[in-house]
*Asks:* 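Before we start, here is the structure in question, set down as structure tokens.
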Protein chains: 2
Amino acid sequence: MLTKKRHQLILELLAREEVVKMQTIVDQTGASESTIRRDLSQLEAAGHLRRVHGGATANHLQIDEPSYFEKSDRFVEEKDRIAQAAADLIEDGMYVYLDAGTTTLAIVPYLEQKAITVVTNSLPLANTLLYHRIPTFVVGGQLKHSTQALVGYNAREGMLIYHFDVAFLGMNGVHPTQGFTTPDPEEALVKKTAIELAKKSYVLVDETKLDEISFSRVASLRAATIITTTSSEQEAKYSQYTEVVNAK
Amino acid sequence: MLTKKRHQLILELLAREEVVKMQTIVDQTGASESTIRRDLSQLEAAGHLRRVHGGATANHLQIDEPSYFEKSDRFVEEKDRIAQAAADLIEDGMYVYLDAGTTTLAIVPYLEQKAITVVTNSLPLANTLLYHRIPTFVVGGQLKHSTQALVGYNAREGMLIYHFDVAFLGMNGVHPTQGFTTPDPEEALVKKTAIELAKKSYVLVDETKLDEISFSRVASLRAATIITTTSSEQEAKYSQYTEVVNAK
DNA sequence: AAAAAGTTGAACGATTTTGATTGATTTTTA
DNA sequence: TAAAAATCAATCAAAATCGTTCAACTTTTT
């Protein structure tokens, strides 16, 4: 197998799995461990991944995430269903805003065949969009460590030059009377700005976020449609306040 | 089989597979290895594909710089010396601009102990800075695939709100009379803007870039100090035009 | 028909890539 | 904590691939 082909394969594996073991790559390529080591060094030097003991990670993976060789498949299925429901709402020609977050990240693979332009404030999103060859603009601003998102006043200013057909946002708290909330005020500012600039906004949350309240208010429930997977009682309850899509 | 027919077949294979082995082409055409080598050379010269060891790869972006992993192994030591020399120029409290590029990427590990703020237009740089926990701002703009950098008009606009004590730039061409050059005009605009906004600018290049001219002009040699590793003759020659730091 | 120009494939040494091996380092296990 | 296991970087020789040269052959020009 050609060097280039191997590199391609490695990056593909990383785009799918976030983390790959050395042995996996060796098996998939049929090359020796030495060769894969060299490949990983080169790809790291070029800034395409990060080596870790035992393999490599996508260079946007939070390194202090616990035990990253095990899949945290608890909500992975749920996330994927939500992401798919969101992707179905996107049509060719649209300008789409994708907020930072693991659920919005899960949308990207479903965008590959669509002729759209994406704007994001998330580094992991940008990396993944790049890999999937989707035309992308990144909002400038201060890089926040914990979420790897670009936030703050500069980010808001940078966004104001764009307008979106649709915006997809992650959120930490969704509550009937307190609306959408998130821990960091600077991040809240960015989310709020995105909603202002979009013709239509969707908030993607797994059911653990429902009935939760976080520190900073982003907007009232009216401002966006909720996409989630939850019981029909919860769905009925929230439907009183705004549109709800149940991706169950 | 006619030359024309062979060329057509090769391009067809590449349209389907992205990467093609020499042996595959030999088998499909029935021609000798030598002939296929010649074909590949010609097609590369015409800009229709890119040769790699063992075969060829598709060249979707017709006019573009050498791909990301080229030379990344051979010049790794040289790059590191250049990066170290650059890092030595950075003092606590500085606001630093780091341009996209593998040499600037190599600076980051040396910044860990310094109390600085970094601004960059490069996704890999941003990821690595994040990893090393260095306060970072990212310039917004259009995400360019081949270099993973943020470029274009929006990037320039986003930069204008900052001012830098020092800027470190990668470059593709350095020439006594033609100055600093780079293949992509949109990237050139960003580099030029960085130089304008910085009190002092440094261009980091391995010696293969000296005496080279690329498509888009960034600035004259006077605009920045060159950090490189090269012979004393080259050093003397370029010292006539601007300050040169030889990291040998 | 002869000469010139262009292709081709084989052969060669030079270069690059590869995989096995070593001892050092890191992680896991006890 | 210490021993065992796994993974690592560095090295080196074998294998694959490379560019170049050259003679045989084909096509075009004169």
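Quick note on labels: first sequence line is chain A, next is B, and so on, each numbered from 1.
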*Asks:* Without decimals, in angstroms, what is the distance between L2(B) CG and dG6(C) P?
*Replies:*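 Value for this atom pair: 16 Å.
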*Asks:* Between the protein and nucleotides 18-21 of chain D, list the N/O to N/O atom pairs that are separated by less than 3.5 angstrom.
*Replies:*
from: dC18(D); atom 1: OP1; to: G54(B); atom 2: N; distance (Å): 2.7
from: dC18(D); atom 1: OP2; to: R37(B); atom 2: NH1; distance (Å): 2.3
from: dC18(D); atom 1: OP2; to: R37(B); atom 2: NH2; distance (Å): 3.2
from: dC18(D); atom 1: O5'; to: R37(B); atom 2: NH1; distance (Å): 3.0
from: dG19(D); atom 1: OP1; to: R51(B); atom 2: NH1; distance (Å): 3.3
from: dG19(D); atom 1: OP2; to: R51(B); atom 2: NH1; distance (Å): 3.1
from: dG19(D); atom 1: OP2; to: R51(B); atom 2: NH2; distance (Å): 2.9

*Asks:* Any ion pair linking E233(B) and K237(B) (charged N to carboxylate O, less than 4.0 Å)?
*Replies:*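 Here K237(B) does not pair with E233(B) in a salt bridge, since their nearest N and O are not under 4.0 Å apart.
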*Asks:* Could you tell me how far apart I36(B) (CD1) and dT17(D) (C1') are, to the nearest whole angstrom?
*Replies:*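 From I36(B) CD1 to dT17(D) C1': 15 Å.
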*Asks:* How close or far is atom P of dC8(D) from atom CD of E44(A), stated in whole angstroms?
*Replies:*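 So the two atoms are 12 Å apart, to the nearest Å.
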*Asks:* Below 4.5 Å, heavy atoms only, C-beta onward: do V205(B) and T103(B) meet side chain to side chain?
*Replies:*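 V205(B) vs T103(B): side chains apart.
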*Asks:* Using side-chain contact (heavy atoms from CB on, under 4.5 Å) as the criterion, point out the one residue from V108(A), L98(A), L14(A) that pairs with T128(A).
*Replies:*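 Among V108(A), L98(A), L14(A), the one meeting side-chain contact (heavy atoms from CB on, under 4.5 Å) with T128(A) is V108(A).
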*Asks:* From CD of Q23(A) over to C1' of dA6(D), roughly how many Å is that when rounded to an integer?
*Replies:*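 The distance from CD of Q23(A) to C1' of dA6(D) comes to 11 Å, rounded to the nearest Å.
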*Asks:* Take atom CG of D39(B) and atom P of dT7(C), then tell me their distance rounded to the nearest Å.
*Replies:*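 To the nearest whole Å, that distance equals 10 Å.
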*Asks:* Using whole Å, what does the distance between atom C1' of nucleotide dT18(C) and atom NE2 of H7(A) come to?
*Replies:*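 After rounding, the gap between these two atoms is 13 Å.
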*Asks:* Look only at the side chain of R51(A) and the backbone of L40(A), and say whether a donor-acceptor pair between them is shorter than 3.5 Å.
*Replies:*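 It does not hold such a pair.
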*Asks:* Answer yes or no: is there a donor N or O on one side and an acceptor on the other, between the side chain of T117(B) and the main chain of P135(B), under 3.5 Å?
*Replies:*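 Between the backbone of P135(B) and the side chain of T117(B) there is no qualifying donor-acceptor contact (under 3.5 Å).
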*Asks:* Roughly, in whole Å, what's the span from CD1 in I25(B) to C1' in dT17(D)?
*Replies:*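 I25(B) atom CD1 is separated from dT17(D) atom C1' by 13 Å.
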*Asks:* Below 4.0 angstrom, N of the basic side chain to O of the carboxylate: do K144(A) and E187(A) qualify?
*Replies:*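 A salt bridge links K144(A) with E187(A).
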